[in-house]
Amino acid sequence: DTEVTQTPKHLVMGMTNKKSLKCEQHMGHRAMYWYKQKAKKPPELMFVYSYEKLSINESVPSRFSPECPNSSLLNLHLHALQPEDSALYLCASSQVQGQGYEQYFGPGTRLTVT
Amino acid sequence: LAKTTQPISMDSYEGQEVNITCSHNNIATNDYITWYQQFPSQGPRFIIQGYKTKVTNEVASLFIPADRKSSTLSLPRVSLSDTAVYYCLVGWSGGYQKVTFGTGTKLQVIP
């Protein structure tokens with residue numbers, strides 16, 4: 001099974017709402033990632049978890065709060081977002097000790113902030 | 001992290017072989033070369049990865065010259081469904097993978 005699942009597929013939220021994005025994988029990968037992708041741009045790394053611990057935070061605003069409850073799950077909690085945060089949010093996973101950059105991506109959550 | 005340079009876009013007719021070249025002059029000794037494919041509104045999909053010479057799988061081939069300063073992704077007999085953005089990444093995880101995607105190459109396959 002090389003599948004990474006993400007829910008929901010689409011999300012519309014107001015600037016005062018609190019919502020969460022969810023990601024799940026069952027490949028035994030111990031590294032998990034959140035990316036943000038704006039239209040016609042490459043994915044931008046936001047957070048990296050390694051062995052369920054936050055390893056990288058790419059200076060992401062605190063209105064985005066990641067959580068890794070166990071080795072298969074990754075959440076991204078959203079609060080007080082801005083319209084410019086509207087984007088495709090991608091989750092990925094990989095082995096921690098790989099050779100190159102072989103990651104498996106989910107289909108993404110399309111987020112619209114109104 | 002090694003910087004990569006790819007053509008912004010390419011056009012090809014169906015049934016042709018397509019070669020997309022990526023330049024990575026400052027590649028480090030431990031770095032691998034990885035290619036991803038991305039369709040609109042979908043997550044990137046891992047295509048192929050290599051360190052040197054030639055790697056082939058059921059989807060593509062990757063050619064890496066001896067100096068490793070460039071690499072070429074080869075897609076045999078493309079179809080309309082191969083229309084996508086292709087990203088070349090260079091690096092070595094050695095732990096978690098702090099990936100930086102470049103601008104990628106938009107491949108348009110024409111009927």
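Lettering of chains follows the sequences in order, A, B, ..., and the numbering in each one begins at 1.
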Any idea which heavy atoms bring A:Pro42 and B:Phe101 closest together, and the distance? CB-CB, 3.7 Å
Side-chain heavy atoms nearer than 4.5 Å, only ILVMFWY residues, links allowed to pass through others: does that put B:Phe63 and B:Leu73 together? no
Do A:Leu74 and A:Leu11 share a hydrophobic cluster, counting only Ile, Leu, Val, Met, Phe, Trp and Tyr and linking them when any side-chain heavy atoms are less than 4.5 Å apart? yes
Which of residues 39-52 of chain B have a heavy atom under 4.5 Å from any heavy atom of chain A? B:Ser41, B:Gln42, B:Gly43, B:Pro44, B:Phe46, B:Gln49
Look at atom NZ of A:Lys19 and say whether more than 12 heavy atoms of other residues, nucleotides or ligands are closer to it than 6.0 Å. no
Residues of residues 57-66 of chain A contacting chain B, heavy-atom criterion under 4.5 Å, by residue number: A:Glu58
Between CD1 of B:Ile33 and OH of A:Tyr101, what distance do you get to the nearest 0.5 Å? 12.0 Å
Got more than 12 heavy atoms from elsewhere within 6.0 Å of CD1, B:Ile8? no
Contacting moiety of A:Pro107, where chain B heavy atoms sit under 4.5 Å: backbone
Segment of A:Lys40 engaging chain B (4.5 angstrom heavy-atom cut-off): neither
Spatial distance of atom CD (B:Gln38) from atom CD (A:Gln37) [nearest 0.5 Å]: 4.0 Å
Co-membership, hydrophobic cluster, residues A:Val4 and A:Leu73, 4.5 Å side-chain: no
Using the rule that two of Ile, Leu, Val, Met, Phe, Trp, Tyr join whenever any of their side-chain heavy atoms come within less than 4.5 Å, decide whether A:Val12 and A:Met15 are in one cluster. no
Is there a path from B:Leu62 to B:Met10 through hydrophobic residues (I, L, V, M, F, W, Y) whose side chains come within less than 4.5 Å of each other? yes
Is the shortest side-chain heavy-atom distance between A:Gln103 and B:Tyr36 below 4.5 Å? yes
